[in-house]
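Structure, as structure tokens:
The basis for the numbers below is simple: all heavy atoms, side chains too, and nothing from hydrogens, waters or symmetry mates. Order of listing sets the numbers, starting from 1, for every ligand and every atom in it.
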Amino acid sequence: MTGPEPPLAVLAELTHRCPFSCPYCSNPLELERRGQELDTADWRRVLEEAAEIGVLQVHFSGGEPTARTDLEDLVEHAAGLGLYTNLITAGVLLDEARVGRLAAAGLDHVQLSIQDSEPAESDRIGGYAGGYQRKIEAAGWVRAAGLPLTVNAPMHRHNIARLDAIIDLAVGLGAERLEVAHVQYYGWGLKNRAALIPTRAQLERATEVVEAAIERLKGVLVFDYVVPDYYAHRPKACMGGWGRQFLNITPSGKVLPCHAAETIPGLEFERVTERGLAEIWENSAAFQRFRGTEWMPEPCASCERREIDWGGCRCQALAITGDAAQTDPACSLSPRHGELVALAEAESEREPPTFEYRRMTRKEPIEA
Ligand code: SF4
Ligand code: FES
């Protein structure tokens with residue numbers, strides 16, 4: 001049997017530290033601590049190994065990756081290896097000089113998260129007073145440094161009514177691309193699902209807003225639109241299929257096929273400090289477990305879409321059915337699809353409970 005194709009991209013979660021506490025964070029509930037983080041030399045070696053196996057892009061993420069003072073060094077190293085470098089940031093730890101240093105280090109692109117178009121609501125959702133204003137400043141520095149900017153706007157029932165204004169905000173910030181990403185329900189998002197999930201009517205209205213804006217803003221703003229699986233007919237190919245295109249490296253160096261893979265019982269994830277990245281990608285049991293189509297149950301096994309969506313999301317199958325090896329219940333062909341829809345309808349119609357904000361179990365210093 002021939003080995004898998006090389007991964008397209010690495011999501012390098014440099015740290016789980018973050019000044020924000022967004023209740024939909026895709027990080028695990030059990031956050032890794034500063035003392036567990038890989039050091040600069042480890043990350044430099046990981047970047048070299050990634051380039052060697054054919055990775056094309058590295059997304060520096062977190063937590064908040066700018067909390068790491070070696071970010072410029074890592075960006076420069078990645079750029080020197082020929083990797084396309086993207087910074088996924090909340091923006092508030094940046095200043096103008098640092099944005100300039102990152103650009104000079106070879107950073108290719110910045111993706112800035114926005115919680116809302118209303119400053120007070122934005123700060124409430126992110127759990128960070130004054131965050132909105134600092135993000136607006138950060139966007140200005142990014143554009144002034146000549147870096148392309150994508151605004152990432154996670155959507156949920158607390159901001160969905162202001163989608164028009166969020167689109168206007170992205171245009172005003174000089175973004176070239178806007179990701180209107182309905183919250184996906186794993187990590188903290190799953191814990192806060194009842195507080196976040198929109199009604200079907202809200203989702204339909206948001207889709208109309210995006211469709212109209214795509215027409216209106218042709219040549220100005222490019223849209224990425226991610227709909228919530230709970231109202232979908234077919235699932236998305238989560239991560240482009242398990243172990244097919246992406247790998248996630250946690251702050252402590254664990255290599256995962258997706259953000260939420262650690263929720264799946266029985267899988268063991270190897271660390272970049274113990275085994276080479278190529279070996280892990282090609283041979284680790286966790287990456288092999290749901291790679292390709294051989295693991296699939298019916299109806300996926302004989303479905304014509306099995307190499308399009310790869311059976312959907314393993315972590316969602318686990319969260320809803322209790323078994324990661326089931327067809328994703330977001331698929332209407334799944335025997336458990338009705339449960340998912342009933343759950344979405346019931347939760348979205350009720351008064352939302354208060355947020356359980358993302359937090360470390362004990363206070364950690366953010367910057368270092
Ligand atoms: Fe995708 Fe499986 Fe549904 Fe077919 S049955 S559309 S492969 S999730
Ligand atoms: Fe793990 Fe989708 S989040 S497979």
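When hydrogens are left out, the protein atom nearest atom 4 (S) of ligand 2 is Arg314 N, 3.3 Å; that is the closest non-hydrogen contact.
Between Val180 and Phe223, the closest side-chain pair of non-hydrogen atoms falls below 4.5 Å.
Residue side and main chain included, Cys238 places an N/O/S atom under 2.8 Å of atom 2 (Fe) of ligand 2.
Formation of a donor-acceptor pair under 3.5 Å by the Asp123 side chain with backbone atoms of Gly130 is found in this model. Not one N or O on the side chain of Arg244 forms a donor-acceptor pair closer than 3.5 Å with the backbone of Gly292. Side chain of Arg358 to main chain of Cys25: no donor-acceptor pair is present (N/O by atom type, distance under 3.5 Å, no hydrogens or angles). The closest donor-acceptor contact from the side chain of Arg350 to the backbone of Glu347 lies at 3.5 Å or more, if one exists at all.
Under 4.0 angstrom from ligand 2, the non-hydrogen atoms of Tyr186 all belong to its side chain. At a heavy-atom cutoff of 4.0 Å, ligand 2 is contacted by both the backbone and the side chain of Cys313.
When each of Tyr24, Tyr230, Tyr231 is checked for a ring pair (Phe, Tyr, Trp, His ring centres under 6.0 Å) with Tyr185, only Tyr230 meets the rule. Considering Glu262, Glu13, Glu30, Glu37 in turn, Glu262 is the only one that fulfils the salt bridge (Lys or Arg N to Asp or Glu O under 4.0 Å) rule with Lys254.
In this structure, Arg134 is not positioned above the aromatic face of Trp141 in the sense of NZ or CZ being under 6.0 Å from the six-membered ring centre and within 45° of the axis. Lys135 forms a cation-pi arrangement with Phe20, by the criterion of a distance under 6.0 Å to the ring centre and an angle within 45° of the ring axis.
Atoms of ligand 1 lying under 4.0 Å from any heavy atom of Arg234, numbered from 1 in the order shown and given with element: 6 (S). Close approach of ligand 2 to Cys315 is summarised as follows: ligand atoms under 4.0 Å from at least one heavy atom of the residue are 1 (Fe), 3 (S), 4 (S).
Protein N/O/S atoms found under 2.8 Å from atom 2 (Fe) of ligand 1, listed by chain and residue number: Cys300 SG.
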